[in-house]
Visitor: 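Got a structure for you, questions after.
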Amino acid sequence: MADDLLNPLRIEPLNPQHLTKLDSRVASTELLGLQASLIGDWLAQLEQRFPDLLPSRSPRCLVALDDQQPVSALVVRPYNRRGSCWSLERPQPLNAQSTHSAGRIERALLQQGLQLGSPHVCSWVARCPAADTHAVSQLRELGFQPLRPYQLWTPPASTTPDLAGQTFAGGLHWESINRRTAQLLWPIEQGGSFSHLRQITDRHWLDLLDRRGPGCGVLMAKDAVLAGLVRSQSSSHQRLLEILRDVAWDDRLNHGLPVVLNNVLQNAKPDGLITALDDPPLHAILQQQGWSQGEEQLLMGRNMWRRQPTPRQIGLSRPIDDMLGRLRPQQTPVPTPSLGRR
């Protein structure tokens, strides 16, 4: 307690001075990520000032300071273009000694991170390993509830030799994600989510355009989309791809997906793939191609309920005669003349 009083923990938005004070042991990839978040923070402030002109895309970053030394960082980013839903990433330690416990630092960053964003923010989402009970309980304390489980897969060491140079058969073809294919992929993306999850994320088919990248695209049969690969929004430090497919299994995926996965390994070289947790046919294909089953991830969400102004209620103490006074006729009613036949 005495150390906390002498060196209080402060939370500040990331600025260039913080980068100069980082520990020399911070990895170069983490440093590049913080530099990108610094630029994104400036852009995010512009996006929040002009929400009708600029879609919300840029992240923001908070830094925890102990005696002027950055000890941890938190990145938050929009989850949709409307800016109504934002995502929290896990706090990132910066390899500095601190008098405060790691749990206290993470809790302070997460609490302050929920205060970021524009007044239009209605919900938050966060991903964490399902086996990390500390992270799950910490998010639950902040009002998050489990929404959907995912399965992470790590890539094989090499591609499949038998599929080298193999092309699609049976009328299948691969297309990049554009405005046309994004609209075709949108029902598949929404089909795997229940109504409460769709309400929290509040996404539109245009949001799929922001998930393009190396290895992303759709597997099509004529004008129908069978499956899609999009960039995952779980972390900015990893190149993760997410597989989207329809609820019903299409047998053509047994021949098309192995070719897709082999091409992705050759061209995109992702750090991993994310699938639905309960998808035995897709998991069987991944195992046949040498992918290793990794950790289970949990998508958690929180609604930012805002109290609506209470409408003015009618006073119940007014006499009934006053309320019904206007309904009483002020004069003797005059008979209406009849124009019918007498």
Side-chain angles (χ1 to χ4, degrees), residues 30 33 59 72-77 79-80 85-93 101-111 113-114 123-156 188-203 211 227-245 247 249 261 270-287 289-304:
E30 297 178 352
S72 187
L74 172 70
V75 176
V76 300
R77 61 183 67 250
Y79 203 71
N80 56 18
C85 180
W86 283 54
S87 66
L88 282 171
E89 294 187 3
R90 298 187 66 186
Q92 172 188 347
S101 64
R104 183 175 184 274
I105 296 174
E106 292 178 359
R107 189 179 303 106
L109 278 172
L110 292 173
Q111 289 176 343
L114 291 174
S123 56
W124 290 83
V125 295
R127 289 205 192 199
C128 64
D132 191 344
T133 56
H134 171 72
V136 173
S137 61
Q138 196 171 60
L139 289 173
R140 278 186 172 276
E141 291 177 2
L142 296 175
F144 285 80
Q145 297 295 327
L147 296 177
R148 188 180 180 186
Y150 291 90
Q151 179 65 57
L152 180 64
W153 296 82
T154 56
I188 294 179
E189 198 274 346
Q190 291 289 282
S193 306
F194 54 93
S195 60
H196 184 53
L197 176 57
R198 293 196 297 266
Q199 179 184 10
I200 288 180
T201 55
D202 189 26
R203 305 180 73 172
R211 302 181 67 182
L229 273 175
V230 295
R231 182 171 53 85
S232 175
Q233 296 177 293
S234 59
S235 176
S236 61
H237 306 295
Q238 291 181 302
R239 293 176 299 175
L240 299 177
L241 299 180
E242 183 175 347
I243 300 181
L244 305 176
R245 74 165 186 88
V247 177
W249 179 259
L261 295 173
D271 295 330
L273 283 178
I274 294 179
T275 67
L277 180 63
D278 186 14
D279 196 344
L282 180 56
H283 293 177
I285 292 179
L286 289 171
Q287 291 174 348
Q289 301 303 312
W291 292 77
S292 302
Q293 194 169 2
E295 66 180 15
E296 297 179 8
Q297 294 186 345
L298 196 61
L299 178 66
M300 306 187 69
R302 167 183 169 175
N303 268 337
M304 304 289 288

Visitor: Got a sec, which residues hit side-chain contact (heavy atoms from CB on, under 4.5 Å) with R140, two or more places apart in sequence or on another chain?
Guide: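 R140 satisfies side-chain contact (heavy atoms from CB on, under 4.5 Å) with V136, Q145, P146, M300 once adjacent residues are dropped.
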Visitor: So, for R77 and E89, which heavy atoms are closest and what is the spacing to 0.1 Å?
Guide: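 Of all heavy-atom pairs spanning R77 and E89, the closest is NE-OE2, 3.0 Å.
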Visitor: If you measure from CD on E189 to CZ on R211, what distance do you get to the nearest 0.5 Å?
Guide: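 Spacing of CD (E189) from CZ (R211) equals 6.0 Å.
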Visitor: Answer yes or no: is there a side-chain heavy-atom contact under 4.5 Å between L282 and W249?
Guide: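 Yes - at least one pair of side-chain heavy atoms lies under 4.5 Å apart.
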Visitor: Would you call E242 and Q233 a side-chain contact if the rule is heavy atoms closer than 4.5 Å?
Guide: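 The answer is no; the side chains never approach within 4.5 Å.
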Visitor: Taking only residues two or more places apart in sequence or in another chain, which ones pass salt bridge (Lys or Arg N to Asp or Glu O under 4.0 Å) with R90?
Guide: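 So R90 forms a salt bridge (Lys or Arg N to Asp or Glu O under 4.0 Å) with D132.
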Visitor: Locate the shortest heavy-atom distance separating Q151 from G294; write the atom from each residue and the value.
Guide: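 Nearest pair, atom of Q151 first, then G294: NE2-O, 2.9 Å.
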Visitor: Would you name the heavy atoms of S232 and I274 that are closest together and state the gap between them?
Guide: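 Nearest pair, atom of S232 first, then I274: OG-CD1, 3.4 Å.
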Visitor: Measure the spacing between CG of L147 and CZ of R127 and express it to the nearest 0.5 Å.
Guide: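 Spacing of CG (L147) from CZ (R127) equals 10.5 Å.
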Visitor: Could you point out which residue of L299, L114, L110 forms a side chain to side chain contact (heavy atoms under 4.5 Å, CB included) with F144?
Guide: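 Looking at L299, L114, L110, the match for F144 under the side chain to side chain contact (heavy atoms under 4.5 Å, CB included) is L114.
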Visitor: What distance do L244 atom CG and I188 atom CD1 have between them, rounded to the nearest 0.5 Å?
Guide: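 Going from the CG atom of L244 to the CD1 atom of I188 covers 8.0 Å.
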Visitor: How far does CG of N303 sit from CD of Q199, to the nearest 0.5 angstrom?
Guide: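 Spacing of CG (N303) from CD (Q199) equals 6.0 Å.
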Visitor: Looking only at heavy atoms, what is the nearest atom pair of S123 and I200, with distance?
Guide: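 For S123 versus I200, the nearest heavy atoms are OG-O, 2.5 Å.
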Visitor: Could you check if a side-chain atom of P91 sits within less than 4.5 angstrom of a side-chain atom of I105, using non-hydrogen atoms only?
Guide: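 Result no, sub-4.5 Å side-chain heavy-atom pair not found.
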Visitor: Kindly determine whether L229 and I243 satisfy side chain to side chain contact (heavy atoms under 4.5 Å, CB included), including the steps that lead there.
Guide: CA-CA 5 Å; L229 273 175; I243 300 181; 3.3 Å; yes
Visitor: For the residue pair L241 and V230, establish whether any side-chain heavy-atom pair is separated by less than 4.5 Å.
Guide: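 No, too far: nothing below the 4.5 Å cut-off.
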Visitor: Is a donor on one side and an acceptor on the other found under 3.5 Å between the side chain of S72 and the backbone of Q92?
Guide: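 Side chain of S72 to backbone of Q92: a pair is present.
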Visitor: Indicate the atoms forming the closest heavy-atom contact of G113 with W124, along with that distance.
Guide: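 Taking G113 first and W124 second, the nearest heavy atoms are O-CH2, 3.2 Å.
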Visitor: So do W153 and Q293 actually touch side chain to side chain, heavy atoms under 4.5 Å?
Guide: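 A side-chain contact under 4.5 Å exists here.
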Visitor: For the CG atom of L197 and the CZ atom of R203, what is their distance to the nearest 0.5 Å?
Guide: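 Between L197 CG and R203 CZ, I get 9.5 Å after rounding to 0.5 Å.
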Visitor: Measuring from R107:CZ to E141:CD, what's the distance to the nearest 0.5 Å?
Guide: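 R107 atom CZ to E141 atom CD measures 6.0 Å (nearest 0.5 Å).
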Visitor: Verify, without hydrogens or angle tests, whether D271 (side chain) and R239 (backbone) share a donor-acceptor contact under 3.5 angstrom.
Guide: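 Yes, the answer is positive, given that a donor and an acceptor are paired below the 3.5 Å cut-off.
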Visitor: Closest approach of P59 and V75, non-hydrogen atoms and distance?
Guide: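 P59 and V75 have their closest heavy atoms at CB-CG1, 3.9 Å.
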Visitor: With a 4.5 Å cut-off on side-chain heavy atoms, are R148 and S193 touching?
Guide: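 Yes, side chains in contact.
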Visitor: Is the distance between the ring centroids of W291 and H283 under 6.0 Å?
Guide: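 Here the rings of W291 and H283 have centres that are no less than 6.0 Å from each other.
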Visitor: State, with a plain yes or no, whether a side-chain heavy atom of T201 is found less than 4.5 Å away from one of N80.
Guide: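 The answer is no; the side chains never approach within 4.5 Å.
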Visitor: L261 versus I285: any side-chain heavy-atom pair under 4.5 Å?
Guide: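 In short, these two side chains touch, coming nearer than 4.5 Å.
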